[in-house]
2 protein chains.
Amino acid sequence: MAPSSPSRVAQTLREEILDGTLAPGERLRQEDIALRFGASRQPVRDALRLLEGDGLVTMVANAGAWVSKLSESECYEAYQVRERLEPLLISQSIPHLKPAQIARLTELVSEIEKSSDLEQFLRLDREFHLLSYAGAEAGMLREFVERIWNTTQHYRRAFAKLNGFATSEVTHMEHKLILDGIIRNDSPQVEKVLETHIRRTRITLSEHKEIFN
Amino acid sequence: MAPSSPSRVAQTLREEILDGTLAPGERLRQEDIALRFGASRQPVRDALRLLEGDGLVTMVANAGAWVSKLSESECYEAYQVRERLEPLLISQSIPHLKPAQIARLTELVSEIEKSSDLEQFLRLDREFHLLSYAGAEAGMLREFVERIWNTTQHYRRAFAKLNGFATSEVTHMEHKLILDGIIRNDSPQVEKVLETHIRRTRITLSEHKEIFN
DNA sequence: AACATCCTCTTTGGATACATAATGCCGTAT
DNA sequence: ATACGGCATTATGTATCCAAAGAGGATGTT
């Protein structure tokens, strides 16, 4: 049988949290997970600690582990941080993006525009932004940004659902401007548009506090 | 005997990493630590995972754990991130700082100026900056900033040592300007000065690559 | 009938013991 | 003399067992 290592368990759980199978606030019992993976509780504990480090799981001593929950103000803060970090990250990425990656980004912009179902949109939008950062060397900055994307994923989904999946035309415009700036190697433009892109989302999000009930 | 819980072990190790007792690159053997704390290896593993989440320890499967090491470019990046995050954090803190905290900040500015030994300077400077953020609610932003301070602590020490502990007059000026802005509730000024303060340090640091050998 | 208390059961925390993977050393062969 | 390979040692990974803390339910009392 598979020698299920902690990182393997963690990776599977991470994916389930991101795709919504496991909702924020949901309890994670060590024994259940251990049984599921055919392992003992020790590797599971390790996996949970790993996810705790990612901010995806909250552990309380002598109580248990839950999928992390964000309050409205925490989510707002997450977007404020994105606003400051992602322009920096993309400016470090742009000079090192390979032609194949830029081609894929171009594809993604039109795929996003044509996307019909919600999960597809979320997946493509995530791929677009994270791929646009792929040129930056892996470091603390990348780690922080990915962590924010992960911990806020559920709320992006909730927001999109609430909107009846009416993605605004402005969003697509901004994606095109970002792509345009990348192609022309115009970091300052991209930084500005990306900052606006995130700020607009933050403000829109803050008008839908009902997500956090 | 002390019911040494993982967070207790982690806290002690954290302090030892920060005060330089444990140097970057140093190996952390589970058995040794377990013996030292009179515990078994499981709580130690948990503690190491916690510190890994803090970025202070690097673990490799089937190999071991080491005190995290920063390359020159990673350290540079850390300061770029600080430059963007700390002004935001302090602006959220200023409106909620209590008079007693401001009084302590005032004390610290002059204590820093008068500080004679290196460890004292490091401690006071750290207290000044982190206390200036104490008004902000604990969240992701605070966590990120504290993490950066922790992972770069060793390199601040190395840098100060190299300089023969000649703290520049400019540093003290900047601290005074920050304090002045806090007292006058002038967030924009503080943000600007703090950004400059950090950028100046980043540039100075990048002129001493020998620290990273 | 309602509330408080105690008991039980569930779940997590920790320790010991065993399996497994990596490293370093030594011996041999080229 | 050097390089390669196998063996022994060491440290980490996992499983099982036991202890302790917390939650929920039942019972007794007011």
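To find a chain, count down the sequence lines: A is the first, B the second, and so on, and within it residues start at 1.
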Can you name the atoms? Protein N/O to nucleotides 10-12 of chain C N/O, anything below 3.5 Å, with the distance.
{"residue": "C:dT11", "atom": "O3'", "partner": "A:R27", "partner atom": "NH2", "Å": "3.4"}
{"residue": "C:dT12", "atom": "OP1", "partner": "A:Q30", "partner atom": "N", "Å": "3.4"}

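By the side chain to side chain donor-acceptor pair (under 3.5 Å) test, B:R14 is found to be paired with B:Q11, B:D54, residues two or more places apart in sequence or in another chain being considered. Residues that satisfy the side chain to side chain contact (heavy atoms under 4.5 Å, CB included) test with A:A61, not counting sequence neighbours, are absent from this structure. By the side chain to side chain donor-acceptor pair (under 3.5 Å) test, B:Q120 pairs with no residue at all, sequence neighbours left out. Shown here are the side chain to side chain contact (heavy atoms under 4.5 Å, CB included) partners of B:Q153, two or more places apart in sequence or in another chain: B:L18, B:R126, B:R156, B:R157.
Look at CZ on A:F37: it is 18 Å from P on D:dG13, rounded to the nearest Å. Computed from coordinates, the B:I33 CD1 to D:dA11 P distance equals 12 Å when rounded to whole Å. Atom C1' of nucleotide C:dG14 and atom CZ of A:R49 are separated by 13 Å, given to the nearest angstrom.
Toward the 5' end of DNA chain D, the nearer of the two residues B:Q42 and B:D32, judged by each one's closest nucleotide, is B:D32.
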When the side chains of residues 81-89 of chain A are checked against the rest of the protein, which donor-acceptor pairs come out under 3.5 Å, sequence neighbours left out?
{"residue": "A:R82", "atom": "NE", "partner": "A:E86", "partner atom": "OE2", "Å": "2.5"}
{"residue": "A:R82", "atom": "NH2", "partner": "A:E86", "partner atom": "OE1", "Å": "3.3"}
{"residue": "A:E83", "atom": "OE1", "partner": "A:R202", "partner atom": "NE", "Å": "2.7"}
{"residue": "A:E83", "atom": "OE1", "partner": "A:R202", "partner atom": "NH2", "Å": "3.1"}
{"residue": "A:E83", "atom": "OE2", "partner": "A:R199", "partner atom": "NE", "Å": "3.1"}
{"residue": "A:E83", "atom": "OE2", "partner": "A:R199", "partner atom": "NH2", "Å": "3.4"}
{"residue": "A:E83", "atom": "OE2", "partner": "A:R202", "partner atom": "NH2", "Å": "3.2"}
{"residue": "A:R84", "atom": "NH1", "partner": "B:R84", "partner atom": "O", "Å": "3.3"}
{"residue": "A:E86", "atom": "OE1", "partner": "A:Y133", "partner atom": "OH", "Å": "2.3"}
{"residue": "A:E86", "atom": "OE2", "partner": "A:W149", "partner atom": "NE1", "Å": "3.0"}

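Side-chain contact between B:L56 and B:V67 is absent, with no heavy-atom pair separated by less than 4.5 Å.
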